[in-house]
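Any value given below was found using the heavy atoms of this structure, including those in side chains, with hydrogens, waters and symmetry copies removed. On a predicted model such as this, the values are computed, not experimentally measured, just so you know. We name chains A, B, ... by the order of the sequence lines, and we start the count at 1 in each one.
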Amino acid sequence: MTAYFDNAATTKMGRAAIEAMLPYFDEVYGNASSLHSMGQRAKEALEEARATVAACLGASPAEIYFTSGGSEADNQAILSAAKIGERKGKKHIITTAFEHHAVLHTLRKLEKEGFSVTYLTVGEKGNVSAEEVAAAIREDTCLVTTMTANNEIGSVLPTAEIGAVCKARKVLFHTDAVQAVGHIPVDVEKMQADMLSLSAHKFHGPKGVGVLYARKGVALTSLIEGGAQERGRRAGTENVAGIMGLAAALKEATAHLAENMKRVTALRDKLIAGLSRIPHSVLNGDPSARLPGNVHFCFEGIEGESLLLLLDDAGIEASSGSACTSGSLDPSHVLLAIGHPHEIAHGSLRLSLSEYTTEEEVDLALEVIPQVVKRLREMSPIWREKTEGKKPFLLP
Amino acid sequence: MALYSEKVMDHFRNPRNVGVIEDADGVGEVGNAKCGDIMKIYLKIEKDVISDVKFETFGCGSAIASSSMATELIKGKPLSEALELTNKAVAEALDGLPAYKMHCSVLAEEAIKRAILDYYQKHDLPYNEAVFADVLHEEE
Ligand SMILES: Cc1ncc(COP(=O)(O)O)c(C=O)c1O
Ligand SMILES: [Zn+2]
């Protein structure tokens, strides 16, 4: 038996999304810019998908721009706001220290171009408050960009409150909702978001397709020059099949949101309760404001990659913020942001669930993980020193 | 996962010589706090020959596999031969490591050098400082 616990990385596609895509490969394969019937049928489908997505987000269709995914949407949102700000002489941006790299690396680029960026600390719990955002806003702030939910540790940010602060202070507000959409309620009106990013493959849609929502009046800068697709804001022949898959997956997720949240949260809490029994471990991320599908622990005395490899042998497919896994030497910036020393940050494990996760998978994880942690600790020199009292334990 | 060769996975899954030697003649611990790999080697030495060796490792798959392979390569060997072990030889014996994982195999080579140096120093034996230049340098 294998158990897939890496839904924050990507999800399996749902039947509804697959079936929604199929006709657009060899039946309605026209270019949506073509004037003939084949092209116009594709165009109609595209606009239908746009209306579906808009309805699910509380937006209007003219505010939906299809992109190649979450990363592109994040890049475009931030670079557009920077352009708007620059024209008014405003070159300050506020974000959090634990954003996705699609946001952080875009901001780094802007810093090189003379923008200043405030990275709000996220504290031990891994969250920020609207008050902290408010306090960081300056005369020259042109954008606040905070994620709706964190991809590693699952914290859900007070996005509606942050949106209200931004609106009151007349600062553009973007939220990276890639991990939130399809998993918790997301409504651009309630969040008062001016821009929002989402990605289909995180909610059982296809990979390589996403959306940038931009409120009417927010002038987007195109990242890709060429044809006049997406009302001149994103050139390139539309990925019609992908977009149909995205819309169908979003519709499905929205229709079953409440029941899925309830089921997944129950499984999540069973995992958290079980793994909390492992001594010298800690649950990372906000314990209450938390994605239904996120479980994230650090286990003292062991390293994340070897944990993942042994779990994979036992049929558990999970992920970790471990440095040796990603190829860089530093552990996850998210775990460092919540104040873990390197040693603890290296021993991390993320289990991310979806509505396809079963009770059997959870039971397998609860059986296997404590054994694997124990096995690795038994060969760890750090663990020995701690158990022999030569070094202090860092986690209770 | 195809990240590693079969050999690496074998040594990772079934590491040889894991454990401690309570009355070791030489102990060497090296660690790269940033990377998150720490390795400790225990040696039992009889007449300049490594009669027994054990290791403990906190680290990634290639760190554990490198430790295991390195201990196999020096077990029963004279100290002079063990001192010639390079991380490249460890990696080759494992049928290769991904380029960004080579630094994990360096630890095995260094831990062995350090354990042998510890043996010489504890027993007041003469040694050639040049051979230990790398590990002596780090101590400064
Ligand atoms: C929070 C967050 N933002 C952005 C992205 C990037 O999305 P995509 O993979 O569609 O480019 C991801 C997914 O990796 C994510 O989790
Ligand atoms: Zn390593």
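Taking NZ from B:Lys40 and OG from A:Ser380, the interatomic distance works out to 10.5 Å, rounded to the nearest 0.5 Å.
The 12-atom threshold is exceeded at CD of A:Glu111, counting heavy atoms of other residues, nucleotides or ligands nearer than 6.0 Å. Atom CD of A:Glu388 has more than 12 heavy atoms from other residues, nucleotides or ligands within 6.0 Å. Within a 6.0 Å radius of NZ in A:Lys374, no more than 12 heavy atoms belonging to other residues, nucleotides or ligands are found. A 6.0 Å sphere centred on NZ of A:Lys125 holds no more than 12 heavy atoms belonging to other residues, nucleotides or ligands.
The stretch residues 78-87 of chain B places none of its residues near chain A, where near means some heavy atom under 4.5 Å from a heavy atom of that chain.
Proximity to chain B involves both the backbone and the side chain of A:Leu310, based on heavy atoms less than 4.5 angstrom apart. Contacts of B:Pro15 with chain A are made by side-chain atoms alone, with heavy-atom separations under 4.5 Å and no backbone atom involved. With a 4.5 angstrom heavy-atom cutoff, A:Arg375 touches chain B only via side-chain atoms. Using a 4.5 Å cut-off between heavy atoms, A:Glu385 touches chain B through its side chain atoms alone.
Counting heavy-atom pairs closer than 4.5 Å to chain A, the top-ranked of the candidates B:Gly19, B:Gly59, B:Ala63, B:Ser67 is B:Gly59.
Here the shortest heavy-atom pairing between A:Glu303 and B:Phe58 reads N-CE1, 3.8 Å. Residues A:Leu309 and B:Gly61 approach most closely at CD1-CA, 3.8 Å, considering heavy atoms. Here the closest heavy-atom approach between residue B:Cys60 and residue A:Glu305 is recorded as CB-OE2, 3.5 Å.
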